[in-house]
Amino acid sequence: MPAVLGYWDIRGLAHAIRLLLEYTNTPYEDKKYCASGEGPDYDISQWTNEKEKLGLDFPNLPYLFDGQTKLTQSNAILRYIARKHKMAGESEEEIQRVDMLENQVMDFRLAFARVCYNPDFRRGRERGDVTCLRTHSKPVAEEKLKLEYLEELPGKLKLFSQFLGDRKWFAGEKLTYVDFLAYDVLDQHRMFAPKCLDQLKNLKDFLDRFEALEKIAAYMSSGRYMKAPVFWRTAQWSNRKE
Ligand SMILES: N[C@@H](CCC(=O)N[C@@H](CS)C(=O)NCC(=O)O)C(=O)O
């Protein structure tokens with residue numbers, strides 16, 4: 001029986017899991033739940049009708065079923081797959097680096113999502129009553145949020161670059177599940193701010209090295225691969241298929 005990964009029909013918290021399932025050659029069904037109707041009150045019954053009936057301890061998306069194993073929490077799912085394939089770090093130093101990066105990536109991801117989902121500029125845009133920063137620009141709130149985020153971004157990325165240093169992968173010589181997380185958030189940022197990695201050669205090389213892994217390259221060129229949307233319908237950036 002193939003494993004089942006359940007998630008929305010977006011990239012979101014499932015991207016690194018999908019990549020790891022592909023890399024480890026795990027047979028899986030990529031079960032995608034769709035929201036329908038018009039926003040902001042989308043119909044999410046495809047998920048909510050099932051949510052409490054799946055036997056999950058903490059019903060949520062993403063979930064993974066694998067034989068008798070039923071898991072939620074994206075990082076718990078990643079660690080479960082990684083442990084099976086010895087991709088969770090082995091030496092104490094590797095494990096420390098894995099633990100730290102996993103949590104650093106989550107902080108980075110959530111800060112980015114807070115900007116991309118910010119309801120202030122959505123409300124402003126819907127009301128159409130926000131003044132513009134420049135005559136032909138987007139509403140000021142959106143512009144301001146993005147500019148503030150972009151101002152802080154180089155400092156945040158520099159820390160990832162220093163942490164990687166001249167290592168091949170983030171834990172050291174061996175590929176671990178946190179490389180899949182790091183790949184996902186760095187790639188999202190490259191889509192959001194295309195020049196943001198220009199001065200950080202080791203991060204660009206890391207992305208290239210990751211994409212060149214045979215299984216990853218095959219997945220990325222397959223019809224199964226989903227580059228976008230990164231976020232859900234209610235986001236202000238990357239909320240639709242490209
Ligand atoms: N900490 C959880 C967060 C899960 C979460 O927020 N899932 C969102 C999508 S990103 C969701 O729509 N969950 C379905 C629900 O709350 O019913 C994880 O890492 O998996």
Side-chain angles (χ1 to χ4, degrees), residues 8 10-16 19 39-40 74-75 78 96-167 169-171 178-211 226-242:
W8 297 112
I10 62 167
R11 180 163 157 164
L13 291 172
H15 198 64
L19 286 162
S74 54
N75 287 335
L78 279 167
Q96 287 171 12
R97 293 181 65 82
V98 162
D99 288 352
M100 207 157 39
L101 192 73
E102 176 194 300
N103 288 285
Q104 189 65 31
V105 166
M106 188 54 98
D107 288 356
F108 187 44
R109 181 192 295 286
L110 293 179
F112 183 45
R114 270 195 295 277
V115 170
C116 293
Y117 280 101
N118 193 296
D120 284 349
F121 70 67
R122 184 170 76 242
R123 278 198 285 272
R125 190 188 277 171
E126 281 162 8
R127 283 199 309 264
D129 62 355
V130 280
T131 40
C132 287
L133 202 59
R134 293 188 298 268
T135 45
H136 56 282
S137 75
K138 291 175 182 164
V140 69
E142 176 178 3
E143 196 84 343
K144 190 165 172 286
L145 272 170
K146 188 170 176 181
L147 287 177
E148 278 170 6
Y149 187 77
L150 290 177
E151 259 173 43
E152 289 178 7
L153 186 58
K156 292 183 181 182
L157 290 172
K158 193 170 168 207
L159 294 180
F160 283 101
S161 170
Q162 287 169 350
F163 188 67
L164 178 63
D166 57 9
R167 290 169 190 81
W169 303 112
F170 273 96
V178 292
D179 293 306
F180 292 68
L181 289 168
Y183 172 78
D184 179 27
V185 291
L186 294 173
D187 181 50
Q188 286 177 20
H189 280 79
R190 182 168 66 168
M191 291 159 65
F192 183 73
K195 291 179 187 306
C196 72
L197 299 179
D198 280 3
Q199 310 302 318
L200 301 167
K201 185 173 179 322
N202 68 338
L203 292 184
K204 284 206 300 190
D205 290 349
F206 164 81
L207 293 176
D208 290 346
R209 204 157 42 240
F210 186 87
E211 289 180 351
M226 192 188 350
K227 173 106 181 142
V230 170
F231 294 119
W232 212 71
R233 317 285 185 283
T234 48
Q236 303 304 306
W237 175 79
S238 193
N239 64 352
R240 298 258 179 271
K241 261 199 162 77
E242 280 173 7

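Quick caveat: nothing in here was measured; it's all calculated off a predicted structure.
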Measure the [atom1]-[atom2] distance between [X] and [Y] for me, rounded to the nearest 0.5 Å.
{"X": "M100", "Y": "Q104", "atom1": "CE", "atom2": "CD", "value": "8.5 Å"}
{"X": "L164", "Y": "L101", "atom1": "CG", "atom2": "CG", "value": "9.0 Å"}
{"X": "D107", "Y": "K156", "atom1": "CG", "atom2": "NZ", "value": "9.0 Å"}
{"X": "L157", "Y": "L200", "atom1": "CG", "atom2": "CG", "value": "6.0 Å"}
{"X": "S238", "Y": "K227", "atom1": "OG", "atom2": "NZ", "value": "9.5 Å"}
{"X": "M106", "Y": "S74", "atom1": "CE", "atom2": "OG", "value": "4.0 Å"}

Is the shortest heavy-atom distance from the side chain of [X] to the side chain of [Y] under 4.5 Å?
{"X": "F231", "Y": "Q236", "result": "no"}
{"X": "I10", "Y": "V230", "result": "no"}
{"X": "R240", "Y": "R233", "result": "yes"}

| query | Are R11 and D187 close enough for a salt bridge, meaning some N to O gap below 4.0 Å? | reply | yes
Quick one: does [X]'s side chain have a donor or acceptor within less than 3.5 Å of a partner on [Y]'s backbone?
{"X": "R114", "Y": "R109", "result": "no"}
{"X": "Y149", "Y": "A111", "result": "no"}
{"X": "D184", "Y": "H15", "result": "no"}

| Considering residues, nucleotides and ligands other than E211, do more than 12 of their heavy atoms fall under 6.0 Å from its CD? | yes
| said: Taking atom NZ as the centre, does K158 end up with more than 12 heavy-atom neighbours from other residues, nucleotides or ligands that are less than 6.0 angstrom away? | reply: no
| note | Sorted by chain and number, sequence neighbours left out, side-chain contact (heavy atoms from CB on, under 4.5 Å) with K204 holds for L197, D198
| task | Identify the two heavy atoms, one from G165 and one from N202, that lie closest to each other, and give their separation to 0.1 Å. | result | O-ND2, 3.0 Å
| Minimum heavy-atom separation for C196 to L153, with atom names? | CB-CD2, 3.9 Å
| Parallel, tilted or perpendicular for F112 and F192, by the 30°/60° rule? | perpendicular
| message | Can you tell me how the ring of H189 sits relative to the ring of F108, calling it parallel under 30°, perpendicular over 60° and tilted otherwise? | response | parallel
| query | Could you walk me through whether V105 and V178 pass the side chain to side chain contact (heavy atoms under 4.5 Å, CB included) check? | reply | CA-CA 8 Å; V105 166; V178 292; over 6 Å; no
| With sequence neighbours left out, what residues match F206 under ring pair (Phe, Tyr, Trp, His ring centres under 6.0 Å)? | W169, F170
| How far apart are the C-alpha atoms of Y117 and T234, what are their side-chain angles, what is the distance that settles it, and do they pass the side chain to side chain contact (heavy atoms under 4.5 Å, CB included) test? | CA-CA 7 Å; Y117 280 101; T234 48; 3.6 Å; yes
| task | Carefully, step by step, assess N75 and L181 under the rule side chain to side chain contact (heavy atoms under 4.5 Å, CB included). | result | CA-CA 9 Å; N75 287 335; L181 289 168; 3.7 Å; yes
